[in-house]
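Residue numbers count from 1 along this sequence. Treat the numbers as computed from the prediction; the structure is a model and nothing was measured.
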Amino acid sequence: MTHHNRLSTGQWMPDDEMGHGFDMMIFDQGTDYSGPVRCSVIRRLSSTPSKKGSLYIHGFSDYFFQKEMAEQFARHGYNFYAVDLRKYGRSLLPGQRPFEVRDLREYFDDIQVGLATMERDGIEQIILMGHSTGGLTSALYMQTDPDRRIKGLILNSPFLAWNIPGIKGVVGIPALRSLGRLIPSITVRNSPDESYAHSLSADHGGEWFYRKDWKPDRLPDVDTAWIRAIDIAQKALRRGKITVPVLILHSDKSAYPGDSPEDFAKSDGVLNAKAISKAGKKIGHDVTDVTVRDALHDIVLSRPDVRAAAFKAIFDWLEARNL
């Protein structure tokens, strides 16, 4: 695949969203079917000189704000980088429709910007990480366009399978996928349930503060093009094998609308944890599947003891793989 990324001619600037120790840079990515697009790269350098780095790709209706995760990697000797993808977070332009995508490969150019930025900073060995749809995109990237600089892949509750039971999934997804090719802008309503967001947000008893204009409590509606993009990517991963070592982390259970707040506080409130595990084991030649008990959908935002167990699993795996 040919990439058309444009390295910024600007300088690193302080990232006001994250505070001390974090820098950011914005990159022009040309135009797509809806107008100009850009991406943003955020970094937190290791306190000790290192040529190792990790690159994080966020999920749907999200942006990079997981400060503790960045600091954990920096503390372990990894220069940490994250990308706010086009039409997300720091990269969102005025009047732009947030989160719009027609093919997950659109994000490959944004990943390439992150990799090129890291290489320009002297990073030689890179771990690619992705959460939810960012995990699906990262896995698709490593299958479709593997990069010699990337030595391992870490997936945090990746969106490898639909969480739609019964006939709705069997019939509904293929029908919407077909519509997505012909009429990409048809709206598909998302559940109005805010239980997962309430398990995160400090405004509702959770632990985390984040920008609600970039990460709304209620998942926004998607369109048929988004459904098509996700389904194509999921099916593509079944046909190929990722060649670098892969670590997949997921919760031991899932919660659904109508379940109690206590259930949502210790479960994946977005995806089916068992389906993640089943699909994940098939995507590569060397896949390590880790179940994190009582984890939220974004595992690194779980309660302190749970995310501590997740970080231990991550860094033990990196050490065992000499990454």
Could you tell me the separation between the [atom1] atom of [X] and the [atom2] atom of [Y], rounded to the nearest 0.5 Å?
{"X": "I26", "Y": "M24", "atom1": "CD1", "atom2": "CE", "answer": "4.0 Å"}
{"X": "E124", "Y": "I126", "atom1": "CD", "atom2": "CD1", "answer": "10.0 Å"}
{"X": "L160", "Y": "N272", "atom1": "CG", "atom2": "CG", "answer": "11.5 Å"}
{"X": "L136", "Y": "I232", "atom1": "CG", "atom2": "CD1", "answer": "11.5 Å"}
{"X": "T288", "Y": "I248", "atom1": "OG1", "atom2": "CD1", "answer": "9.0 Å"}
{"X": "D213", "Y": "L92", "atom1": "CG", "atom2": "CG", "answer": "8.5 Å"}

### Query
Hey, which of D110, L55, V83 is the one that makes side-chain contact (heavy atoms from CB on, under 4.5 Å) with L115?
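The single option meeting the side-chain contact (heavy atoms from CB on, under 4.5 Å) with L115 is L55.
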### Query
Of the options L200, L301, D203, which is the one that meets Y210 in a side-chain contact (heavy atoms from CB on, under 4.5 Å)?
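The single option meeting the side-chain contact (heavy atoms from CB on, under 4.5 Å) with Y210 is L200.
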### Query
Any side-chain donor paired with an acceptor under 3.5 Å for K52 and S46?
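No, no side-chain donor-acceptor pair sits under 3.5 Å.
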### Task
Could you verify whether a donor N or O on one side chain and an acceptor N or O on the other, from S251 and S267, lie under 3.5 Å apart?
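No, S267 and S251 have no side-chain donor paired with an acceptor closer than 3.5 Å.
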In terms of hydrophobic clusters joined by side-chain contacts under 4.5 Å, are [X] and [Y] together?
{"X": "I150", "Y": "V246", "result": "yes"}
{"X": "W12", "Y": "L45", "result": "yes"}
{"X": "V37", "Y": "Y107", "result": "no"}
{"X": "V270", "Y": "V188", "result": "yes"}
{"X": "V244", "Y": "I111", "result": "yes"}

### The single option from K215, R38, R90 passing salt bridge (charged side-chain N to carboxylate O under 4.0 Å, His left out) against D84
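With D84 as partner, K215, R38, R90 yield a single salt bridge (charged side-chain N to carboxylate O under 4.0 Å, His left out), made by R90.
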Give me the atom names and distance for the closest heavy-atom approach of [X] to [Y].
{"X": "L296", "Y": "S199", "value": "CD2-OG, 4.0 Å"}
{"X": "D252", "Y": "D294", "value": "OD1-N, 2.9 Å"}
{"X": "A236", "Y": "L140", "value": "CB-CD1, 3.9 Å"}
{"X": "L128", "Y": "M142", "value": "CD2-CG, 4.0 Å"}
{"X": "P158", "Y": "L249", "value": "CD-O, 4.2 Å"}
{"X": "P14", "Y": "D23", "value": "CA-OD1, 4.3 Å"}

Between the side chain of [X] and the main-chain N/O of [Y], is any donor-acceptor distance below 3.5 Å?
{"X": "S254", "Y": "L271", "value": "yes"}
{"X": "Y56", "Y": "M69", "value": "no"}
{"X": "E194", "Y": "P216", "value": "no"}
{"X": "Q125", "Y": "L323", "value": "yes"}
{"X": "D268", "Y": "A273", "value": "no"}
{"X": "S201", "Y": "A197", "value": "no"}
{"X": "D259", "Y": "Y256", "value": "yes"}
{"X": "N190", "Y": "P220", "value": "yes"}

Atom [atom1] of residue position [X] - does it have more than 12 heavy atoms of other residues, nucleotides or ligands inside 6.0 Å?
{"X": "K278", "atom1": "NZ", "result": "no"}
{"X": "K235", "atom1": "NZ", "result": "yes"}
{"X": "K253", "atom1": "NZ", "result": "yes"}
{"X": "K212", "atom1": "NZ", "result": "yes"}
{"X": "H20", "atom1": "NE2", "result": "no"}
{"X": "R293", "atom1": "CZ", "result": "no"}
{"X": "D305", "atom1": "CG", "result": "yes"}

Can you check whether [X] reaches [Y] side chain to side chain, under 4.5 Å on heavy atoms?
{"X": "I314", "Y": "V290", "value": "no"}
{"X": "S157", "Y": "I299", "value": "yes"}
{"X": "D217", "Y": "H204", "value": "yes"}
{"X": "Q234", "Y": "F159", "value": "yes"}
{"X": "E100", "Y": "S34", "value": "yes"}
{"X": "R189", "Y": "T187", "value": "yes"}
{"X": "I127", "Y": "F73", "value": "no"}

### Task
Under the side-chain contact (heavy atoms from CB on, under 4.5 Å) rule, what do M129 and F80 come out as? Steps first, then yes or no, please.
CA-CA 11 Å; M129 303 191 298; F80 181 91; 3.6 Å; yes
### Query
Can you list the steps and then say if V41 with M118 is a side-chain contact (heavy atoms from CB on, under 4.5 Å)?
CA-CA 10 Å; V41 177; M118 295 173 78; over 6 Å; no
### Task
Give the ring-plane orientation class for F315 versus H76, where under 30° counts as parallel, over 60° as perpendicular and anything between as tilted.
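The arrangement is parallel - the two ring planes meet at less than 30°.
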### Set of residues satisfying side-chain hydrogen bond (donor to acceptor under 3.5 Å, both in side chains) with respect to D121, sequence neighbours excluded
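Partners of D121 under the side-chain hydrogen bond (donor to acceptor under 3.5 Å, both in side chains) test: R43, Y81.
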Counting only pairs under 3.5 Å, give me each side-chain donor-acceptor contact of residues 57-67, with atom names and distances, residues two or more places apart or in other chains.
| from | atom 1 | to | atom 2 | distance (Å) |
| --- | --- | --- | --- | --- |
| H58 | NE2 | L85 | N | 3.0 |
| Y63 | OH | R211 | N | 2.8 |
| Q66 | NE2 | D298 | OD2 | 3.0 |
| K67 | NZ | M18 | O | 3.3 |

### Message
If the threshold is 4.0 Å, N to carboxylate O, is there a salt bridge linking E106 and R86?
### Response
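So E106 does not pair with R86 through a salt bridge.
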### Query
Could K87 and F99 be counted as a cation-pi pair, given that NZ or CZ must be under 6.0 Å from the ring centre and within 45° of the axis?
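The answer is no, since K87 fails at least one limit relative to F99.
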### Q11 and M25: CA distance, side-chain angles, deciding distance, side-chain contact (heavy atoms from CB on, under 4.5 Å) verdict
CA-CA 7 Å; Q11 300 295 317; M25 196 183 300; 5.6 Å; no
### Task
Sorted by first residue and then second, give each ring-ring contact (aromatic ring centres under 6.0 Å, His included) pair with at least one member in residues 287-314; sequence neighbours left out.
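Those involving residues 287-314 are H131-H297, Y196-H297.
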### Message
If you apply the rule side-chain contact (heavy atoms from CB on, under 4.5 Å), what do you find for L318 with I154, and how did you get there?
### Response
CA-CA 10 Å; L318 288 169; I154 298 175; 4.3 Å; yes
